[in-house]
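Residue numbering restarts at 1 for every chain, and letters A, B, ... go by the order of the sequence lines.
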2 protein chains.
Amino acid sequence: MTIDQASSTLLDSIRDLGYRVTGTRRQVALAMERRSEGFSAEEISSDLPQVGRATVYRALKLFQNAGVICKLALPNGAPRYAIATGGRHHHHSVCVRCGTVTEFRDSTVERVVRTLSTEIEGEMVGHRIEFFVTCPACLSAVALPKSQIN
Amino acid sequence: MTIDQASSTLLDSIRDLGYRVTGTRRQVALAMERRSEGFSAEEISSDLPQVGRATVYRALKLFQNAGVICKLALPNGAPRYAIATGGRHHHHSVCVRCGTVTEFRDSTVERVVRTLSTEIEGEMVGHRIEFFVTCPACLSAVALPKSQIN
DNA sequence: GTTGCTGCAAATCCTTTGCAAGGTT
DNA sequence: AACCTTGCAAAGGATTTGCAGCAAC
């Protein structure tokens, strides 16, 4: 895929907000798509050495405001980003070992959130729900060394 | 309450872990209790100008490891701490306006988490669930100015 | 042509670390 | 006495900002 046809959804999202679609933003969009498992600002920045670090941060914030990428956090608070694939509301699980992000939707979660918003004092304005896992790939990666000992 | 009798639970928790109960840690414990609605490292630090900033951070980490305070995060990622009142597993709601933290427990949430841990790929090792609200006090605070206009 | 975008470097913000001096058991 | 803690200052890491030049519409 060429840089021109790539990331149409991502680029459209900022175009729709009235921002310009520039070569740099195309590159950032493409870099994000190449790291579909999730990424940090630092990773995108090092994928694009020709793009200024500050510009990467500015672009990430832009895409985030446009709602096409989500910013989440590892247990230690380190930020991690992921492209939002569905348009709908969803949550994520993050592998604490490799940082891979998986999107999931669960109607039960939504129902609980709705119920709680009536039970918790004040006006609910948002929530953060993240699950931390060791993903299948990392599980087998740690399992191998053990089996090698035996 | 004097500094000697204060914070027995907080101080016991680190004593039980084999750490020393020092005057400085007593002060930090007391400062945390005075801000029972929730606090930032910066707030505790400015409450105790005579205590080094680094020491405050070290103490917070200590209490956190002891499980008597919880570290959560505002929507923007800014860390916020709160004393854990129950011993049991729980979650928090945070006022996005004043930072007040409220602890709550909901068996439905726990049940959903348990169910999801079987549905989500990989081995679940933890989760983060926070609700963002505008608390009753802040709701009335913003309501007043409007009424004053009319 | 306007106005927005970019890169660079400097500035911030928050948190951690090294180390010598002092406190606790 | 032995070892843990503290404060200070410096180091770190991540993200933001000022600004002059360049690019998109």
Side-chain angles (χ1 to χ4, degrees), chain A residues 3-4 7-8 10-32 38-66 69-81 99, chain B residues 3-4 7-8 10-32 38-66 69-81 99:
Chain A
I3 200 173
D4 287 301
S7 320
S8 52
L10 296 177
L11 296 175
D12 284 349
S13 74
I14 60 173
R15 183 161 23 223
D16 291 349
L17 258 56
Y19 295 105
R20 292 180 180 170
V21 172
T22 66
T24 301
R25 288 173 182 171
R26 280 178 214 280
Q27 291 182 65
V28 172
L30 207 44
M32 293 194 299
F39 48 87
S40 65
E42 175 53 33
E43 286 167 346
I44 298 298
S45 188
S46 61
D47 284 351
L48 304 171
Q50 70 280 27
V51 175
R53 194 185 235 53
T55 303
V56 168
Y57 278 96
R58 284 186 279 233
L60 290 181
K61 183 164 291 180
L62 206 56
F63 286 116
Q64 201 187 324
N65 291 341
I69 67 173
C70 300
K71 181 181 187 176
L72 34 152
L74 295 177
N76 64 16
R80 189 103 195 140
Y81 299 86
Chain B
I3 201 173
D4 287 302
S7 320
S8 52
L10 296 177
L11 296 174
D12 284 349
S13 73
I14 61 173
R15 183 162 23 224
D16 291 350
L17 258 55
Y19 295 105
R20 293 181 180 170
V21 172
T22 66
T24 301
R25 288 172 182 170
R26 280 180 215 279
Q27 291 181 66
V28 172
L30 207 44
M32 295 194 298
F39 49 87
S40 65
E42 177 53 33
E43 286 168 347
I44 298 299
S45 189
S46 61
D47 284 352
L48 304 171
Q50 70 280 27
V51 175
R53 194 185 236 51
T55 303
V56 168
Y57 277 96
R58 283 187 279 233
L60 289 181
K61 183 164 290 179
L62 206 55
F63 286 117
Q64 201 187 325
N65 290 341
I69 68 174
C70 300
K71 181 181 186 176
L72 34 153
L74 295 177
N76 64 16
R80 189 103 195 138
Y81 299 85

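Along DNA chain C, the nucleotide nearest R15(B) and the nucleotide nearest K71(B) are compared for position; the residue whose nucleotide lies closer to the 5' end is K71(B).
Taking every side-chain heavy atom of A41(B) into account, dT15(C) is the closest of dT15(C), dT15(D), dC4(D).
Residue L60(A) holds its CG atom at 5.0 Å from CD1 of I69(A), rounded to the nearest 0.5 Å. Atom CZ of R25(A) sits about 5.0 Å away from atom CG of L62(A), to the nearest 0.5 Å.
The closest side-chain heavy-atom distance from F63(B) to M32(B) is below 4.5 Å. Residues D47(B) and F39(B) are not in side-chain contact: their nearest non-hydrogen atoms beyond the backbone lie 4.5 Å or more apart.
Under a 3.5 Å cut-off, the side chain of R80(B) and the backbone N or O of K71(B) do not form any donor-acceptor pair. Counting only distance, with no hydrogens or angles, the side chain of S46(B) and the backbone of E42(B) share a donor-acceptor pair below 3.5 Å.
For the pair T22(B) and dG23(C), the criterion of a side-chain N or O lying under 4.0 Å from OP1 or OP2 is not met.
Checked by atom type, the side-chain pair R53(B)/S45(B) shows a donor-acceptor distance below 3.5 Å.
Annotation: the terminal axes of the helix from dG1(C)-dC25(D) to dT25(C)-dA1(D) meet at 40°, where each axis is the rotation carrying the C1' atoms of four end pairs onto the next four (5 pairs per end, rounded to 10°).
Minimum heavy-atom separation, A41(B) to V56(B): O-CG1, 3.9 Å.
Distance L62(B) CG to dT15(C) P: 17 Å, rounded to the nearest Å. R25(B) places its CZ atom 11 Å from the P atom of dT24(C), with the value rounded to the nearest Å. A straight line from CZ of R20(B) to C1' of dT24(C) spans 5 Å, rounded to a whole angstrom. If you measure from atom CD of E43(A) to atom P of dA14(D), you get 11 Å, rounded to the nearest angstrom. One interatomic measurement links the two molecules: CG of N76(A) to P of dG13(D), which rounds to 14 Å at whole-angstrom precision. Rounded to an integer number of Å, the gap from CD of Q27(B) to P of dG23(C) is 13 Å. Taking atom CD on E42(A) and atom P on dT16(D), their separation rounds to 14 Å, with Å as the unit. In this structure, OH of Y19(A) is placed 18 Å from C1' of dT2(C), rounded to the nearest angstrom.
Evaluation of the side chain to side chain donor-acceptor pair (under 3.5 Å) test over residues 14-24 of chain B, restricted to residues two or more places apart or in two chains, returns D12(B)-R15(B).
Of the residues in residues 52-61 of chain B, those lying under 4.0 Å from DNA chain D by heavy-atom distance are G52(B), A54(B), T55(B), R58(B).
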